[in-house]
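Below is one structure, written out as structure tokens, with a few remarks after it.
The analysis underlying the following values was restricted to heavy atoms, covering all of them including side chains, and did not include hydrogens, waters or symmetry mates.
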Amino acid sequence: MLAIASPQMAQAEALLVVEADSGKVLQADNATMPWYPASLSKMMTAYVTLKAVKDGRVSLDTLLTVSPTASSQSPSKMGFRPGTQVTVDNALKMMLVKSANDMAVVLAEGIGGSIDGFAGMMNQTAQRLGMTQTSYVNPNGLPADGQITSARDMAILARAIIRDLPEYEYFVHIPSIRFGRRITQNFNKLIGRYPGADGFKTGFICASGYNLVASATRDGKRLIAVVLGASSGRMRAIRAAQLLDRGFANNGMAWLRPSLGTVDNLVPIDSTPPNLREEMCGPKHKRPASDEDAEDTVASAGSSSTNGDGGVSFFASGLQAAMPTKPADMLAQPAAASEPVVVYTGPTKTGAALIAAVEADTEKMQPVKRAKGKHSRVAGKKPDAADDAKADTKGASKSDNKPAAKPARHANAKPDAAAAKTAAADKPAAAKPAGKPAAAKPAAKPKTAADKPKAADKPKADAKPAG
């Protein structure tokens, strides 16, 4: 029966739930299927960085500089211009809560000297931890050949963070951050909604679908759930809540279930990762994929408690207590009120200096609306891998909460003088047609007519990538 049930979801999702302390597997579906990690890669970026802090090679107050390479990363990002300085502490918070791709590169270059150097450190760490199915190419999970993991390896990494870095574990469950006036909620929807939720990280690119590593603690027992390839940001949270609920409900009936051993002993599947690009970002989608794109998942969630429940969970399904709250209803509620953690640029500050730094960052965020169209036009020209990153970004931006979405865009613009340059560059372009008639040349009218095709040329250039 199990052999018949498993193939039904072989191309859909990978699901895994384990005990954090022992590594005991409570449920595993496609747990060793290779998968694209997307921004779950930032869990390893955080681990390597925090291990360097713990070993005394850097401190949380160490200042790192935003390079042109970091600044050029696809969103989701903070959008700081090259030369901006940020502490390791603030870069970690921005990376883990907002999933900022530029901050991941700032940390990689600051700790490893370069993206390649840091990727080498990530891979060495993965080997040391027993993550035999994982390889890294970059620190942020943007699409790249060879950036692969599995649900098994993500659970191993989550356990390592809990075991090796308990004093820094708070980084993986910060409910929200505030930069200037912009508040960004954690993209992990379980934080502040699911009882006992205390980590970890989300991820999305078109090829991977919606990924989530989540943990929760109840009555002293901590579980880790991994969901790879869910259909939406909402559904990955629902899936994780279901896995955790079953894990906690079945905790006292372990003797009734067949043993699946520990997460380290799960046997890897020799396969290529499924590519979900067409399903996630194909032409059938009326809107770009994002963390907020699936209102219909609330309706489908009622039946989802039995979907993809192969293996152990279907064996014990008749013995489970009914869940007190449906995950879909729980996730529809606003997150529990909490004070956003303030993040800022520049050296570590406290008291009045911190207030001044926040005000300065707020001022830098003011003149940004003009850059939005220009930025998205440039992003639109990037093919293939950048398209995945763009779709990933839209998911990240929208989950910042709607009031924060516009500022998230304008944070990507270069502040102050750079924003003024953008505005200045835009004005002459708009003034060209008016400028030529002002020259009072006889050929002014023909030139104005000729200018119209020139104006039309821009949409044509922008349309090329779409074609």
Side-chain angles (χ1 to χ4, degrees), residues 34 36-96 98-150 153-154 156-158 160-161 164-165 168 171-172 200-201 203 205 208 345 347 382 385-386 388-389 392:
Y36 299 115
S39 284
L40 296 187
S41 302
K42 290 165 184 158
M43 288 173 60
M44 180 60 85
T45 299
Y47 182 93
V48 172
T49 299
L50 288 168
K51 196 72 170 63
V53 171
K54 186 167 185 172
D55 294 344
R57 287 179 280 133
V58 294
S59 78
L60 291 176
D61 297 328
T62 298
L63 271 176
L64 305 177
T65 302
V66 177
S67 69
T69 300
S71 180
S72 69
Q73 296 299 297
S74 297
S76 175
K77 62 181 180 179
M78 297 303 296
F80 300 142
R81 58 185 173 184
T84 302
Q85 290 192 310
V86 64
T87 61
V88 169
D89 178 78
N90 281 312
L92 280 165
K93 290 169 181 172
M94 296 171 190
M95 180 186 75
L96 291 169
K98 183 177 169 56
S99 202
N101 292 319
D102 50 355
M103 292 299 99
V105 171
V106 167
L107 290 167
E109 292 176 334
I111 305 300
S114 67
I115 288 177
D116 288 344
F118 190 78
M121 296 172 70
M122 295 170 77
N123 287 322
Q124 287 174 5
T125 303
Q127 290 174 13
R128 177 174 63 80
L129 295 177
M131 299 167 61
T132 57
Q133 295 185 276
T134 297
S135 66
Y136 294 104
V137 178
N138 62 51
N140 49 30
L142 287 174
D145 291 340
Q147 190 102 351
I148 298 171
T149 191
S150 67
D153 283 8
M154 286 295 97
I156 290 173
L157 177 56
I161 292 172
D164 301 340
L165 303 166
Y168 303 117
F171 279 106
V172 300
F200 273 89
K201 188 71 187 73
I205 58 173
S208 74
T345 57
K382 295 180 181 178
D388 278 352
D392 195 11

**Report entry** Chi angles and distances behind the side-chain contact (heavy atoms from CB on, under 4.5 Å) call for Val172, Lys201
**Finding:** CA-CA 7 Å; Val172 300; Lys201 188 71 187 73; over 6 Å; no
Report summary line: side-chain hydrogen bond (donor to acceptor under 3.5 Å, both in side chains) filter on Ser41, not counting sequence neighbours, yields Gln147
Query raised in the report: Does any non-hydrogen side-chain atom of Phe118 lie less than 4.5 Å from one of Thr45?
Result: yes
Report task. Quick one: pull up CG in Leu165 and CG in Leu50 and give me the separation to the nearest 0.5 Å. Result -> 5.5 Å
**Report entry** Within residues 104-114 or reaching into it, pairs that qualify as side chain to side chain donor-acceptor pair (under 3.5 Å) - sequence neighbours excluded
**Finding:** Ser67-Glu109
Query raised in the report: Is there a donor-acceptor pair under 3.5 Å between the side chain of Asn101 and the backbone N or O of Gln73?
Result: no
Report task. Please identify each residue that fulfils side-chain contact (heavy atoms from CB on, under 4.5 Å) with Ala158, with sequence neighbours left out. Result -> Met43, Phe200, Val213, Ile224
Query raised in the report: Rounded to the nearest 0.5 Å, what separation is found between the CG atom of Asn90 and the CG atom of Asp61?
Result: 9.5 Å
Query raised in the report: About how many Å separate CG of Asp102 and OG of Ser76, when rounded to the nearest 0.5 Å?
Result: 8.0 Å
Requested in this report: Grab the two heavy atoms, one from Asp145 and one from Val137, that are nearest each other, plus how far apart they are.
Outcome: O-CG2, 3.2 Å
Requested in this report: Please determine, by modelled atom types, if Lys77 and Ser71 share a side-chain donor-acceptor pair under 3.5 angstrom.
Outcome: no
Report task. Check the pair Met131 / Met44 against side-chain contact (heavy atoms from CB on, under 4.5 Å), numbers first and verdict last. Result -> CA-CA 11 Å; Met131 299 167 61; Met44 180 60 85; 3.7 Å; yes
Report summary line: Heavy atoms of Gln133 and Ser150 approach each other most closely as OE1-OG, 2.9 Å
Query - Flag side-chain contact, heavy atom, 4.5 Å: Ser59 against Val88 - result: no
Requested in this report: Begin with the C-alpha distance, continue with both residues' side-chain angles, and end with the deciding distance and a verdict on side-chain contact (heavy atoms from CB on, under 4.5 Å) for Leu157 and Leu40.
Outcome: CA-CA 10 Å; Leu157 177 56; Leu40 296 187; over 6 Å; no
Query raised in the report: Which atom names give the shortest non-hydrogen contact between Leu142 and Asn140, and what distance separates them?
Result: N-OD1, 3.2 Å
Query - Side chain to side chain, Leu60 and Leu92, heavy atoms closer than 4.5 Å - result: yes
Requested in this report: Measure from the side-chain N and O atoms of Thr84 to the backbone N and O of Val66, and report whether any donor-acceptor pair falls under 3.5 Å.
Outcome: no
Query - All side-chain contact (heavy atoms from CB on, under 4.5 Å) counterparts of Asp55, not counting sequence neighbours - result: Lys51, Arg57
Query raised in the report: Can you name the residues that form a side-chain contact (heavy atoms from CB on, under 4.5 Å) with Leu63, not counting sequence neighbours?
Result: Gln85, Thr87, Pro347
Query raised in the report: Do side-chain atoms of Lys54 reach the backbone of Tyr168 as a donor and acceptor pair under 3.5 angstrom?
Result: no
**Report entry** Separation between CD1 of Ile111 and OG1 of Thr49, rounded to the nearest 0.5 Å
**Finding:** 5.0 Å
Query raised in the report: Passes side-chain contact (heavy atoms from CB on, under 4.5 Å), Ile115 versus Val105? Steps please.
Result: CA-CA 7 Å; Ile115 288 177; Val105 171; 4.0 Å; yes
Query raised in the report: What heavy-atom pair brings Ile205 and Gly141 nearest, and what distance separates the two atoms?
Result: CG2-O, 4.0 Å
Report summary line: Smallest heavy-atom separation, Ala119 atom then Tyr136 atom, equals CB-O, 4.0 Å
**Report entry** Rounded distance (nearest 0.5 Å) linking atom CG of Leu96 with atom CE of Met103
**Finding:** 12.5 Å
Query raised in the report: Under 3.5 Å, is there a donor-acceptor pair between the Ser99 and Ser39 side chains?
Result: yes
Requested in this report: Provide the full list of side chain to side chain donor-acceptor pair (under 3.5 Å) pairs with a residue in residues 116-128, sequence neighbours left out, each pair given once.
Outcome: Tyr47-Arg128
Query raised in the report: Closest approach of Gly110 and Leu64, non-hydrogen atoms and distance?
Result: CA-CD2, 3.8 Å
